[in-house]
Number of protein chains: 2
Amino acid sequence: MARKRFDDSNCSVARALNQVGDWWSLLIVLHAMYGTRRFVDFQQELGIAKNILCDRLARLVENGVLKKVDVGEHGSRFEYRLTEKGRDLFPVVIALRQWGDKWNPAPDEAPLDLRDRATGQPIQTVQVQNAEGKPITVRDVFVSGEPTLGSKKDPA
Amino acid sequence: MARKRFDDSNCSVARALNQVGDWWSLLIVLHAMYGTRRFVDFQQELGIAKNILCDRLARLVENGVLKKVDVGEHGSRFEYRLTEKGRDLFPVVIALRQWGDKWNPAPDEAPLDLRDRATGQPIQTVQVQNAEGKPITVRDVFVSGEPTLGSKKDPA
DNA sequence: AGAATAGGGTTGCATCTTAAAACCAGATTA
DNA sequence: TAATCTGGTTTTAAGATGCAACCCTATTCT
């Protein structure tokens, strides 16, 4: 049977995964953040089948993550660029990259060294912070109006 | 043909997606963060097929995101709990939730109000920060030793 | 004790999705 | 005009998914 869809789930994480939660979409967004814009470039960099790339690009455009821009001097040449919605996935991508670097480091090479242009310094680890800016974990959080996330049924 | 795997990709995002990048895995982790531990509870809350749930739980255990704990008073009763690696996905999940809340809000209901237990205040929006703690976007970042992410080929 | 039920799976089958490669048509380039 | 580049669509085979039906081991009910 078909994959289950979460378009109308009452969980925003499920709905988000519905848009960028498959194997390729987030990688496409990642490469778009690196500056890739052209169909052929995505295809080469990702090693993705053309039909799948077509489908994913179309879906990302449909969901407003990318926009398809006609840059044809005379006709049919396109670029896929991030929208603000797409650029807003930056924290998600970075958090995922840092998680991957921490828990599944490449055996040989050093992780990507991302730096802030203004300071030249490496960026910080993405964290969840409380109102005072202090980093917190899943155990420090509760859903307002509901029992604590980690109390009666303490995670992990 | 088979889905392409990224186990040995030189990109840590790809490797991360290989572990938690399918439709269900991150939702399972999310619910684990909410306190769900039992097979039947995951099944009911997620509405996932049992064979798929089996497969995903096994894969998450295999990847060290969950651990399977035998809580059988006399025998065969199990709990699936987050490991530290799994708990460390917290920023990813929260960033994704906030992105979903912002860009695909539920038509009717308010987004989940997550609060810090210590202060009682809502948690902050997850951001990428530079060394000074200032939020930065994808355009502010460059890869050390490579051309700026957003310069010659400015994203978006 | 014996029957019914819950927990945690496995198996089969029909349907979707994916990867890979072939094929296409409109611009460009040589 | 012939070869290429771009961005796709089509075809085919192998996987992945969803669903329902079974299974086996505890518990719980009668």
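Just so it is clear, the values below take in all heavy atoms, side chains as well, and ignore hydrogens, waters and symmetry mates. Owing to the predicted nature of the structure, the values given are computational and were not obtained by experimental measurement.
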Measuring from the side chain of [X] (C-beta onward, heavy atoms only), which nucleotide among [options] has the closest atom?
{"X": "Phe39(B)", "options": "dT9(D), dG7(D), dG9(C)", "value": "dG9(C)"}
{"X": "Lys4(A)", "options": "dG18(D), dA20(C), dG7(D)", "value": "dG18(D)"}
{"X": "Arg56(A)", "options": "dG18(D), dG8(D), dT18(C)", "value": "dT18(C)"}
{"X": "Asn51(B)", "options": "dG9(C), dC5(D), dC19(D)", "value": "dC19(D)"}

> Is a side-chain donor-acceptor pair under 3.5 Å present for Thr36(A) with Glu45(A)?
Replying inline: yes
> Between Asn18(A) and Arg59(A), does any side-chain donor sit less than 3.5 Å from a side-chain acceptor?
Replying inline: no
Send over the distance from [X] [atom1] to [N] [atom2], rounded to a whole Å.
{"X": "Asp70(A)", "N": "dA27(C)", "atom1": "CG", "atom2": "P", "value": "11 Å"}
{"X": "Arg77(A)", "N": "dT28(C)", "atom1": "CZ", "atom2": "C1'", "value": "7 Å"}
{"X": "Ile28(B)", "N": "dT17(D)", "atom1": "CD1", "atom2": "C1'", "value": "14 Å"}
{"X": "Arg3(A)", "N": "dT18(C)", "atom1": "CZ", "atom2": "C1'", "value": "13 Å"}
{"X": "Gln43(B)", "N": "dT17(D)", "atom1": "CD", "atom2": "P", "value": "16 Å"}
{"X": "Arg38(A)", "N": "dA27(C)", "atom1": "CZ", "atom2": "C1'", "value": "12 Å"}

So, OP1 or OP2 of [N]: does either fall under 4.0 Å of a side-chain N or O from [X]?
{"X": "Trp24(A)", "N": "dA19(C)", "answer": "yes"}
{"X": "Lys50(A)", "N": "dT11(D)", "answer": "no"}
{"X": "Tyr80(B)", "N": "dG9(C)", "answer": "yes"}

>> Let me spell it out: for each of Arg5(B) and Glu79(A), pick the nucleotide of DNA chain D with the closest heavy atom. Which residue's pick is nearer the 5' end?
In response: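 The residue closer to the strand's 5' end, by nearest nucleotide, is Glu79(A).
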